[in-house]
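Structure first, commentary second.
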Amino acid sequence: MGVPSTMDVSPPHLRHDGRRAGAFIAPALAIYLAIIMAPTVATVWISFTEWRGIGDSPEFVGLENYRHLLKSDTFWGSFNRTLAILIAGGLVVFFFSFVFTMLLREMRAKRFIRAVLFFPNIVPPVALAIAWGVLLAPRNGLLNGFLEAIGLESATRTWLAPDLIFRSVIAGLVWIYTGFFITILMAGVDRIPKHFYEAADLEGATPRQKLFRVTLPLTWDVLSVAAVLWVITAIKTFEFIYAFGGSGTDPSISTWTLPVQVYAVALGNRSPIFALGQGSAIAVIMLALVGVLVVLVRRIMRRRGVEF
Amino acid sequence: MSTDVHVSSLQRGGRLAGRGIGRLFVWSWVLFSLAMLVWLILAAFKRNNSVFRDLWALPDSNEIQNFRDAWDLLNLARTTLNSVLTVGGGTALTMAVAAPAAYALTRMYFRGASPLISFFALGIGVPVHAIIIPLFVGLSEVNLTNNLWGLTLTYMGVSIPFAVFLMTGFFRSLPSELEEAAVMEGAGPLRVFFVMLPLARPGMVASALIVAVGLWNEFLLALVLTYDVDKRTIGVGLLNTFGAMRYTSNWVGLFASVVIMLTPLIILYTWMSRRIIEGLTVGATK
């Protein structure tokens with residue numbers, strides 16, 4: 001979102017030189033630089049080395065780690081699953097968020113519903129993974145149990161089998177994040193003055209016309225922020241996938257996404273391989289993906305909104 | 001003319017039906033989420049040998065033993081203390097440095113404020129996984145791995161971008177009359193800051209809540225940066241309990257653990273859900 005320049009509206013007697021403000025900002029900036037920015041730069045450097053961690057000295061190998069990744073099926077699997085969450089998951093999340101936001105606008109219990117739908121976002125992802133596992137467990141899971149109880153045995157599936165488990169992951173993520181994006185979209189829709197809809201109603205506008213002529217243009221800013229947030233969320237989501245895919249231990253490769261693979265090859269797994277160079281190369285690709293997509297989304301969505 | 005009316009009333013009927021189906025779907029989703037929560041809570045009071053045999057039965061006994069097991073499984077006394085120290089400390093310290101920063105960035109009107117805000121916001125987009133390797137190496141160089149202070153410091157680092165960003169939104173929306181009056185009376189920048197701080201209280205509470213909930217639920221950093229049993233946080237404890245399930249099969253103990261971890265969140269949420277939700281969306285809409 002654009003940060004309005006504060007310079008031109010500043011009352012002159014409140015204007016400060018940078019030095020005074022610097023003292024207010026320095027502590028936050030120092031920790032931010034040390035914990036986030038310095039390691040980000042270091043990751044790029046480590047990605048050009050082969051390094052087994054403390055006790056081993058990093059050896060410069062140029063683009064070798066990247067070359068290795070581009071030839072690795074495991075990497076492309078993780079990469080494609082990350083994109084699947086981003087695009088397929090994203091379409092479903094945004095479709096539901098939109099429909100729900102429009103429906104909730106006219107429902108009396110909207111605050112209660114919003115609070116319930118948002119709730120998974122403050123629950124520990126491990127707890128969500130446990131719940132999702134219980135729901136989808138093949139033999140005595142709640143979903144299969146429910147399907148049998150209503151006479152739909154034919155619809156029961158082995159939801160956690162290798163061919164279905166990643167779809168189950170995406171369904172879980174949709175369940176968690178839809179509530180979050182409903183909340184954001186609702187905040188945008190709530191800001192639209194009521195008289196716009198009243199005027200549209202007087203003119204006999206259909207719901208579709210109201211959506212495309214009123215709601216969409218007037219929430220474009222919020223939508224663009226939501227799209228950026230989704231890009232970041234989809235690429236970095238880790239805890240739910242890790243805990244669900246491995247039931248609390250190392251997840252099977254059929255659920256790996258980029259962040260899971262970074263953890264698995266560099267630090268995690270029962271017997272860590274400490275391939276720090278390779279892990280860092282995946283991390284750099286993730287960073288690049290976030291950067292490119294955020295810029296792209298912002299460019300695509302720029303300046304189609306309406307001021308009101 | 002009469003066919004026109006007929007068509008539009010048909011359309012309207014279709015629309016109403018569509019809306020009815022839509023509402024039904026919304027309520028099923030709500031019911032599904034609530035049912036899952038209720039099932040987990042009830043399951044925490046059931047017996048391990050019957051919990052999956054009769055899925056929809058009510059608990060027939062008060063299995064307080066499950067919670068005693070959970071207490072041991074989670075090593076709860078220790079992990080709670082560790083979580084409270086690192087999450088509480090991390091949140092308090094984040095607010096202590098992020099509030100003055102956000103204040104200066106929005107109300108001290110100096111050249112470069114706006115790019116600096118963007119620079120802080122950049123950190124929101126950096127996935128923790130992209131920095132965890134050098135972070136682990138760097139912290140172990142200065143003996144801050146397997147150390148609650150190291151974890152607290154890291155929690156500050158990962159929370160600062162979002163906290164600063166969120167609070168710049170709150171500080172920007174404050175009226176400037178009070179600030180001007182304080183300056184007129186000759187108050188220095190620090191005094192003016194403390195005059196303005198109470199006005200930003202709702203925003204600070206929301207930011208602190210969001211930071212604290214995020215850290216309470218986090219387990220990757222705790223998992224990587226600490227490894228002794230007595231340094232574990234509650235999030236790691238729950239993950240380990242879940243992972244041990246394939247050997248112990250004490251499912252009801254696991255459900256009791258989940259209920260223990262959810263309880264403070266549910267209390268907090270029923271009390272302050274509006275604050276949390278509105279705080280979180282303010283950054284997106286201001």
Side-chain angles (χ1 to χ4, degrees), chain A residues 3 5-6 10 13-18 20-21 24-25 27-28 31-32 35-36 39-40 42-43 46 54 100 103 113 115-116 118 122 124-127 130-131 140 142 145 183-184 187-188 207 222 225 232 236 238-239 243 247-249 259 262-263 266-267 276 279-280 283 286-287 290 294, chain B residues 15 22-23 26 30 33-34 36 40 52 55 97-98 100-101 103-104 106 108-114 117-118 123 125-127 129-131 133-135 137 140 154 156-157 160-161 164 179 183 189 213 217 219-220 224 235 238-239 242-243 245 254 258 261-262 265 269 273 277 281 284-285:
Chain A
V3 179
S5 160
T6 42
S10 65
H13 54 281
L14 292 178
R15 211 171 280 167
H16 289 265
D17 59 64
R20 278 204 164 139
F24 280 77
I25 299 166
I31 293 169
Y32 173 52
I35 302 290
I36 307 288
T40 306
T43 298
I46 296 172
I54 301 147
F100 275 39
L103 286 164
I113 295 173
V116 171
F118 186 81
I122 66 149
V126 190
I130 292 170
N140 6 12
L142 298 185
T183 305
I184 295 205
V222 177
V225 172
I232 296 171
K236 77 177 186 186
F238 165 80
E239 267 118 340
S247 301
T249 55
V262 172
Y263 178 74
L267 303 159
L276 299 190
S280 296
M286 266 170 72
L287 272 174
V290 172
V294 165
Chain B
R15 219 176 288 149
R23 288 189 178 185
V26 171
V30 169
S33 298
L34 287 177
M36 213 129 94
L40 270 175
F52 288 114
L55 287 175
V97 299
Y103 169 79
T106 48
M108 289 178 83
Y109 310 104
F110 62 98
R111 205 174 294 276
S114 151
I117 294 176
S118 305
V126 176
H129 305 81
I131 58 167
I133 293 167
L135 198 59
V137 175
S140 61
T154 308
M156 276 180 84
I160 281 174
V164 167
E179 192 178 23
V183 173
V213 167
N217 293 341
F219 73 72
L220 173 71
V224 172
L238 186 64
L239 182 73
F242 188 25
M245 218 28 50
L254 179 69
V258 169
M261 195 162 171
L262 285 186
L265 289 169
Y269 195 63
S273 68
I277 289 175
T281 50
T285 54

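Chain A is the first sequence line, chain B the second, and so forth, proteins listed ahead of strands; every chain is numbered from 1.
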Under 4.5 Å from any heavy atom of chain A - which part of [X]:
| X | answer |
| --- | --- |
| B/T154 | both |
| B/V30 | both |
| B/V26 | both |

With a 4.5 Å heavy-atom cut-off, do B/F110 and A/I25 have their side chains touching?
yes
Are A/P124 and B/L262 close enough that some pair of their side-chain heavy atoms sits under 4.5 Å apart?
yes
What do the steps show when you test A/I35 against B/M156 for side chain to side chain contact (heavy atoms under 4.5 Å, CB included), and what is the final call?
CA-CA 8 Å; A/I35 302 290; B/M156 276 180 84; over 6 Å; no
Provide the closest heavy-atom pair for [X] versus [Y] in the form atom of the first, atom of the second, distance.
| X | Y | answer |
| --- | --- | --- |
| B/V126 | A/K236 | O-NZ, 4.0 Å |
| B/L220 | A/E239 | N-OE2, 3.5 Å |
| A/L287 | B/P127 | CD2-CD, 3.8 Å |
| A/V290 | B/G125 | CG1-O, 3.6 Å |

Top of B/A98, B/G123, B/G235 for chain A proximity - count of heavy-atom pairs under 4.5 angstrom
B/G123
Go through the atoms of A/I232 and report whether side chain, backbone, both or neither lie under 4.5 Å from a heavy atom of chain B.
side chain
Can you tell which part of A/I36 gets under 4.5 Å to a heavy atom of chain B, answering side chain, backbone, both or neither?
both
Are the side chain of [X] and the backbone N or O of [Y] linked by a donor-acceptor pair below 3.5 Å?
| X | Y | value |
| --- | --- | --- |
| A/Y32 | B/I160 | no |
| B/S273 | A/A115 | no |
| B/Y103 | A/F24 | no |
| B/N217 | A/P125 | no |

Measuring from A/T43:OG1 to B/I133:CD1, what's the distance to the nearest 0.5 Å?
6.5 Å
Taking the six-membered ring for Trp, are B/H129 and A/F238 ring centroids under 6.0 Å apart?
yes
Heavy-atom pairs under 4.5 Å with chain B: which of [options] has the most?
| options | value |
| --- | --- |
| A/A42, A/G279, A/P39 | A/P39 |
| A/V294, A/L142, A/I46 | A/L142 |
| A/A28, A/A283, A/G145 | A/A28 |

